[in-house]
Amino acid sequence: MKSEEIMDICMRRGFLFPSAEIYGGVAGLWDYGPLGTRMKNSWEHLWRKHFLSLSSNFHEISTTNILPKEVFEASGHLESFNDALAECSSCHSRFKADQLIEENLKISSEGMNLEEINKIIGDNDLKCPQCGGDLSVKFYNLMFGLKLGAGKTTKEAYLRPETAQGAFLAFKRSFKTLRNKLPLGLAMIGKAFRNEISPRQGFYRLRELHQAELQIFFDPANINEHEDFESVENKKLRMYSIEDRGKEIRKVKCGDLDLPKFYLYYMVKIQDFYLETLGLPRKMFRFRELDEKERAFYNKLHWDFELNLESLGGFKEMGGIHYRTDHDLSGHQKVSKENLMVNINGKKFIPHVLELSFGVDRNFWALLDLEYEKEERTILKLPKNVAPYYCAVFPLMKKEELAKKAKEVYNLLLNEFSVMYDDTGSIGKRYRRQDEIGTPFCITIDYDTLEDDTVTLRERDSMEQERAKIEKLGELLNKKD
RNA sequence: GCGGCUGUAGUGUAGUGGUUAGCACAUGGGCCUGCCACGCUCAUGACCCGAGUUCGAAUCCCGGCAGCCGCACCA
């Protein structure tokens with residue numbers, strides 16, 4: 001599906017809207033409409049169900065969007081998310097100022113402020129390597145800065161650029177509350193904020209985004225084991241390593257891969273989420289290994305999982321599985337001076353972290369991209385448990401006696417399912433409308449219903465109809481799941 | 001952030017200085033014993049924002065905003 005076609009349906013049907021649209025909108029900021037919110041909630045629900053059930057010691061938490069400056073000193077975001085860029089005033093090429101200074105003057109610009117860097121460039125007469133034009137340096141900060149409080153007592157803070165930090169900060173207390181057991185998983189679904197210089201590709205790069213992340217804290221001595229590894233050993237993973245670039249995706253038996261078992265286990269579970277829970281086409285999914293340049297310095301192992309999306313021109317990152325080592329906890333221990341070591345059977349150490357990180361908004365978009373089918377009908381072939389509505393109820397015609405009965409059926413089903421009621425236009429039009437928003441089932445009340453309490457149950461993908469007793473509807477709909 | 005292209009009802013479009021701003025689909029009401037969007041009928045609804053040129057601007061100029069493409073950016 002093309003990007004414009006998806007966006008068209010999103011705006012027309014109420015999946016997505018540009019934020020602050022009546023003021024012209026803002027690049028990188030989008031709202032979820034009524035259908036989009038339902039669908040996002042469903043996706044998040046499936047995610048929770050799938051990943052939190054992987055261990056009895058995995059738990060969801062919810063931490064704040066605003067965090068004090070110190071957190072990002074410890075995490076490295078203040079240093080790494082702040083790039084001093086030198087821009088040429090005539091050809092507008094851009095260069096990293098620290099590299100420029102390092103290469104030309106053999107000195108480090110680390111810790112210098114903007115004036116100091118500009119002064120060095122001016123004093124040493126550094127010019128644009130492209131065209132020889134004048135350079136001016138600006139800081140581009142990918143984090144949104146805030147001031148908490150008023151007057152002289154303000155505290156510097158930032159909107160979190162990833163949800164992960166909340167889990168690291170909450171680790172110490174969570175670990176104690178949950179009675180000192182490893183592995184411990186802290187999951188979070190929430191917002192993160194990045195001041196992208198230029199958000200592009202519609203809904204793919206956002207300034208305010210949703211992440212679903214699971215931070216698994218474990219003993220690094222146990223990285224090559226997982227109690228349930230046998231159950232996944234023979235599963236085939238769809239791998240695209242650095243050596244595979246330019247070649248085909250390889251299907252490799254999990255047990256044959258040269259990666260730690262603890263890491264592999266979660267790769268399988270991620271692949272299962274996409275291919276089994278969501279039922280996406282296998283060939284659209286792959287794990288892609290990142291090379292040294294692409295991965296953050298603290299990630300010892302980093303594979304992204306990607307989906308092949310027509311609207312975005314190929315395989316696109318949906319999330320990553322990151323072995324962050326003890327980078328975060330050690331950083332926070334150092335800056336906060338809190339002891340973040342654990343003591344398990346007399347062994348004291350800082351746990352390592354395996355992070356499963358998902359971009360919720362991208363995953364949402366990917367479902368639309370992969371599941372829209374536009375032939376003689378436009379059908380959104382969503383898995384039943386992610387569709388905004390599970391079923392729709394129609395009176396065959398807008399007649400009072402039919403409407404009354406239809407409302408009864410609607411109210412009955414509402415107890416158990418997300419249901420839409422529609423009585424406008426022709427019956428065919430209503431079926432097609434539901435197809436377009438992915439509603440798996442439609443139920444139609446006609447004059448026979450008034451006689452014998454049976455209704456027409458129509459299925460989205462096959463368009464097949466069957467006659468069913470109203471009292472059996474709930475059971476029937478559940479069975480079809 | 002730079003350069004190029006673009007911006008008319010919800011969507012797709014017609015209109016290139018003076019139009020009641022046209023059309024299609026969609027949407028809402030009414031009718032239809034009627035089961036797969038293209039039955040009938042009525043109705044709602046738009047010139048991205050701001051300044052300028054002009055007697056007069058959707059149309060021309062400038063700026064902004066947004067979108068698309070390329071470059072840059074995306075620890």
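Values below: all heavy atoms of this structure, side chains included; hydrogens, waters and symmetry mates excluded.
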*asked:* What contact category does A/S3 fall into here, base, sugar-phosphate, or nothing, at under 4.0 angstrom with non-hydrogen atoms?
replied: nothing
*A/R288 NZ/CZ over A/F315 ring centroid, <6.0 Å and within 45° of normal*: no
*Given atom CD of A/E306 and atom C1' of B/rC74, what is their separation to the nearest angstrom?*
14 Å
*Quick one: the side chain of A/E436 and the base of B/rA26, do they pair up donor-acceptor inside 3.5 Å?*
no
*asked:* Please classify the nucleic acid contact of A/Y298 as base, sugar-phosphate, or nothing, using heavy-atom distances under 4.0 Å.
replied: base
*A/I437 CD1 to B/rU27 P: how many Å, rounded?*
12 Å
_Parallel, tilted or perpendicular: rings of A/F51 and A/F273 (30°, 60°)_ = tilted
*Counting only side-chain N and O atoms of A/R460, is one of them less than 4.0 Å from OP1 or OP2 of B/rC36?*
no
*Rounded off to whole Å, could you give me the NZ-to-P distance for the A/K399 and B/rC35 pair?*
15 Å
*A/K429 has an atom NZ; how far is it from atom C1' of B/rC40, in whole Å?*
12 Å
*Quick one: is B/rG28 close enough that its OP1 or OP2 comes under 4.0 Å of any side-chain N or O from A/T424?*
yes
_Rounded distance in Å - CD (A/E292) to C1' (B/rA75)_ = 14 Å
*For A/R460 and A/L380, indicate whether the former's side chain and the latter's backbone hold a donor-acceptor pair under 3.5 Å.*
yes
_B/rA58: pairing nucleotide in any strand, Watson-Crick or G-U under 3.5 angstrom_ = none
*Just name whichever nucleotide pairs with B/rC73, Watson-Crick or G-U, keeping both distances under 3.5 Å, else none.*
none
*asked:* With nearest nucleotide decided by heavy atoms, which residue, A/Y431 or A/R205, maps closer to the 5′ end of RNA chain B?
replied: A/Y431
*Once the angle between the rings of A/F305 and A/F358 is folded into 0 to 90°, is it parallel (under 30°), tilted (30 to 60°) or perpendicular (over 60°)?*
tilted
*Scan A/R377 against the nucleic acid and name what it touches under 4.0 Å (heavy atoms): base, sugar-phosphate only, or nothing.*
nothing
*What is the nucleic acid contact for A/E4, judged by heavy atoms within less than 4.0 Å: base, sugar-phosphate only, or nothing?*
nothing
*For the residue pair A/Y204 and A/S311, confirm or rule out a side-chain donor-acceptor distance under 3.5 Å.*
no
_At 4.0 Å (heavy atoms only), tell me whether A/R467 reaches a base, stays on the sugar-phosphate, or touches nothing._
base
*Test item: A/E213 side-chain N/O and A/M188 main-chain N/O as donor-acceptor pair under 3.5 Å*: no
*Report the base-pairing partner of B/rC31 (Watson-Crick or G-U wobble, both distances below 3.5 angstrom), or none.*
B/rG39
*Nearest-Å distance for atom pair CD1/P, residues A/I379 and B/rA37*: 13 Å
_Rounded interatomic separation in angstrom, taking CD from A/E196 and P from B/rG1_ = 14 Å
*Would you mind classifying the nucleic acid contact of A/D435 as base, sugar-phosphate or nothing, using non-hydrogen atoms under 4.0 angstrom?*
nothing
*Tell me which of A/E401 and A/Q465 sits closer to the 5' end of RNA chain B, going by the nucleotide each one is nearest to.*
A/E401
*How is A/E459 classified with respect to the nucleic acid when contacts are heavy atoms under 4.0 Å: base, sugar-phosphate, or nothing?*
nothing
_Paired nucleotide for B/rG22 [Watson-Crick or G-U wobble; both distances under 3.5 Å]_ = B/rU13
*Check every strand shown and say whether A/L396 touches a base, only sugar-phosphate, or nothing at a heavy-atom separation below 4.0 Å.*
base
*Check the distance between B/rG10's P and A/E21's CD and give it to me in whole angstrom.*
9 Å
